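In this text the structure is predicted, and so the values were computed from the model without any measurement.
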Amino acid sequence: MTTYLIGGGWNDEAAALVYGPFLAAAGPEPVVACLLVDEGDGAAQFARFEAALRTVAPCRPVPLLVPLGGRLDPASLDGHAALLVCGGLTPAYQEALAPVLAEVTSRLGTRGMPYAGFSAGAAVAAGTALVGGWRSRGVQVCAEETGEDLDEIEVRPGLGLVPFAVDVHAAQWGTLPRLIEAVSLGAVPYGVAIDEDTLLTVDGGRARVSGLGRVHLVQAQDTPEGVALRSYRSGEAFALPV
């Protein structure tokens with residue numbers, strides 16, 4: 001199953017680049033389930049995603065609004081061609097999915113439903129999801145306002161659609177150091193940090209970058225530096241580490 005990971009962002013010029021491959025995989029005029037954790041403005045947030053998707057290709061986005069603190073009913077995915085998990089407070093998305101991770105993943109695989117994750121939705125696609133935090137053992141590693149209401153870096157179970165951790169808004173929010181720290185600590189096996197308005201398409205053991213920014217691959221290595229960092233531009237592809 002191909003997975004589409006979007007690092008956030010609302011640049012209209014990037015819409016076709018980041019949503020186009022996902023909608024093409026979903027088929028002609030697909031019904032797209034849009035999962036949003038409703039923090040009080042769910043309808044307005046859905047309208048933004050609906051408008052973005054409709055500008056790219058004929059489709060019918062449908063909102064799946066889960067109240068803050070609630071959980072997704074996997075049966076609500078029935079009748080949809082694809083799933084877009086939207087953005088917001090990443091720990092809240094993980095909590096909405098946590099009780100049903102295996103069932104959601106099974107439904108996606110059994111029905112061949114393309115999955116796209118936008119910001120928080122990209123983070124929770126990982127098996128070990130990096131959900132936030134701005135300090136590591138009390139030391140600041142990124143801005144407090146990017147911590148997702150968490151203090152220490154925290155990882156939680158995710159959907160397991162990709163074998164690496166995902167951080168987002170990399171260049172815009174300065175979250176790459178958080179991912180580097182998580183890899184250095186062994187909290188995640190390896191990871192990618194995705195810039196806004198940028199898509200990472202993961203198909204089997206290969207990943208391809210498209211959009212306006214870059215994707216930064218962070219791997220642990222047995223050297224004094226502790227990690228290896230490689231950035232990829234739009235149009236570049238790489239093999240996933242074994």
Side-chain angles (χ1 to χ4, degrees), residues 1-8 14 17-27 81-85 90 94 97 101-131 155-168 170 175-176 178-223 225-242:
M1 186 177 71
T2 304
T3 303
Y4 304 88
L5 305 175
I6 303 165
L17 297 172
V18 298
Y19 295 112
F22 165 66
L23 290 174
L83 173 63
L84 169 65
V85 177
T90 303
Q94 191 275 338
L97 290 164
L101 289 170
E103 190 171 352
V104 170
T105 303
S106 176
R107 283 175 181 259
L108 293 173
T110 300
R111 302 177 186 189
M113 293 176 63
Y115 176 99
F118 176 98
S119 187
V124 299
T128 303
L130 179 56
V131 297
V155 298
R156 300 179 183 175
L159 288 165
L161 301 176
V162 294
F164 48 80
V166 182
D167 217 328
V168 290
T175 54
L176 178 55
R178 176 169 61 199
L179 178 62
I180 291 173
E181 182 70 1
V183 173
S184 298
L185 294 174
V188 299
Y190 67 101
V192 299
I194 308 174
D195 291 348
E196 290 185 0
D197 302 304
T198 305
L199 168 70
L200 183 67
T201 301
V202 183
D203 186 2
R206 299 283 296 176
R208 181 176 177 83
V209 180
S210 55
L212 304 184
R214 299 186 183 185
V215 170
H216 315 275
L217 174 65
V218 181
Q219 297 175 257
Q221 63 177 10
D222 188 17
T223 66
E225 293 79 14
V227 298
L229 174 63
R230 171 75 188 273
S231 295
Y232 296 88
R233 292 181 170 89
S234 180
E236 294 186 310
F238 57 93
L240 299 184
V242 178

| message | Counting only heavy atoms not in Arg206 (residues, nucleotides, ligands), do more than 12 fall under 6.0 Å from its CZ? | response | yes
| said: Go through it in stages, so that I can follow the logic: the residues are Val18 and Thr198, the test is side-chain contact (heavy atoms from CB on, under 4.5 Å), and I'd like the CA-CA distance, side-chain angles, deciding distance and then a yes or no. | reply: CA-CA 6 Å; Val18 298; Thr198 305; 5.6 Å; no
| Do Asp167 and His216 have side-chain N/O donor and acceptor atoms under 3.5 Å apart? | no
| remark: Interatomic distance, CZ@Phe22 vs OG1@Thr2, rounded to 0.5 Å, equals 11.5 Å
| Contact check, side chains of Leu217 and Leu229, non-hydrogen atoms, under 4.5 Å | no
| request: Start with the C-alpha gap between Ile194 and Ile6, add the side-chain angles, then the distance that decides, and say whether side-chain contact (heavy atoms from CB on, under 4.5 Å) holds. | output: CA-CA 7 Å; Ile194 308 174; Ile6 303 165; over 6 Å; no
| remark: Correct closest heavy-atom pair for Gln94 and Pro157 would be NE2-O, 3.0 Å
| task | Evaluate the side-chain contact (heavy atoms from CB on, under 4.5 Å) criterion for residues Thr128 and Leu130: first the C-alpha distance (whole Å), next the side-chain angles of each, then the deciding distance (0.1 Å), finally the verdict. | result | CA-CA 7 Å; Thr128 303; Leu130 179 56; over 6 Å; no
| said: Tyr232 vs Phe238, test: side-chain contact (heavy atoms from CB on, under 4.5 Å). Steps then yes/no. | reply: CA-CA 8 Å; Tyr232 296 88; Phe238 57 93; 3.6 Å; yes
| remark: The complete set of ring-ring contact (aromatic ring centres under 6.0 Å, His included) pairs with one or both residues in residues 182-203, sequence neighbours excluded, reads Phe164-Tyr190
| Validation row: Leu17, Leu199 side chains within 4.5 angstrom (heavy atoms) | no
| said: Strictly distance-based, threshold 3.5 Å: is any side-chain N or O of Thr201 a donor or acceptor partner for the main-chain N or O of Tyr4? | reply: no
| Polar side-chain atom of Thr175 near backbone of Val168 as donor-acceptor pair, under 3.5 Å | yes
| said: Tell me if a side-chain donor or acceptor on Arg214 pairs with a main-chain N or O of Asp195 at a distance below 3.5 Å. | reply: no
